[in-house]
Amino acid sequence: MAEGFHRSSSKDFLKFLDYSRSSIAETISHAYVALDQSYINENEMEELNESGNTVWKKINGMIAYLKRYQQTNSTK
């Protein structure tokens, strides 16, 4: 997200927000591998999943806000 913050357009920033969501999915995927290899336990996996879901929802909210903002300002 930080990398996309100073891009020249909201469209570019939205692209980086999507990358951020992909990074969350990748992290959770790696966590499942760690669970399978017994590097983490079920409780830790659940905490990671909950944290990932929380951040995912916040990013989705930011994306929805930016899209609404773009629509509102493009009609003026």
- Message: Go through it in stages, so that I can follow the logic: the residues are Tyr19 and Phe16, the test is ring pair (Phe, Tyr, Trp, His ring centres under 6.0 Å), and I'd like the CA-CA distance, side-chain angles, deciding distance and then a yes or no.
- Response: CA-CA 5 Å; Tyr19 293 159; Phe16 279 91; 5.3 Å; yes
- Flag, side chain of Ser29 to backbone of Ala25, donor-acceptor distance under 3.5 Å: no
- Query: By ring-ring contact (aromatic ring centres under 6.0 Å, His included), which residues pair with Tyr69, not counting sequence neighbours?
  - Reply: none
- Could you tell me the separation between the CG atom of Asp12 and the CG atom of Leu17, rounded to the nearest 0.5 Å? 11.0 Å
- Would Val33 and Ile28 show up in the same hydrophobic cluster when neighbours are defined by side-chain heavy atoms closer than 4.5 Å? no
- Using side chain to side chain contact (heavy atoms under 4.5 Å, CB included) as the criterion, point out the one residue from Lys58, Arg21, Arg68 that pairs with Ile63. Arg21
- Note on the structure: The reported gap from OG in Ser20 to CH2 in Trp56 (rounded to nearest 0.5 angstrom) is 10.5 Å
- Cluster overlap Tyr39 with Met45, hydrophobic side-chain contacts below 4.5 Å: no
- Query: Could you state the interatomic distance from CD (Gln37) to OH (Tyr32), rounded to the nearest 0.5 Å?
  - Reply: 15.5 Å
- Item | Any Leu35 side-chain heavy atom under 4.5 Å of Leu48 side chain | no
- State the CG-CD distance between Asn49 and Glu42, to the nearest 0.5 angstrom. 10.5 Å
- From NZ (Lys57) to CD1 (Ile24), nearest 0.5 Å: 12.0 Å
- Atom pair CD1/CG of Ile59 and Leu14 - distance to nearest 0.5 Å: 12.0 Å
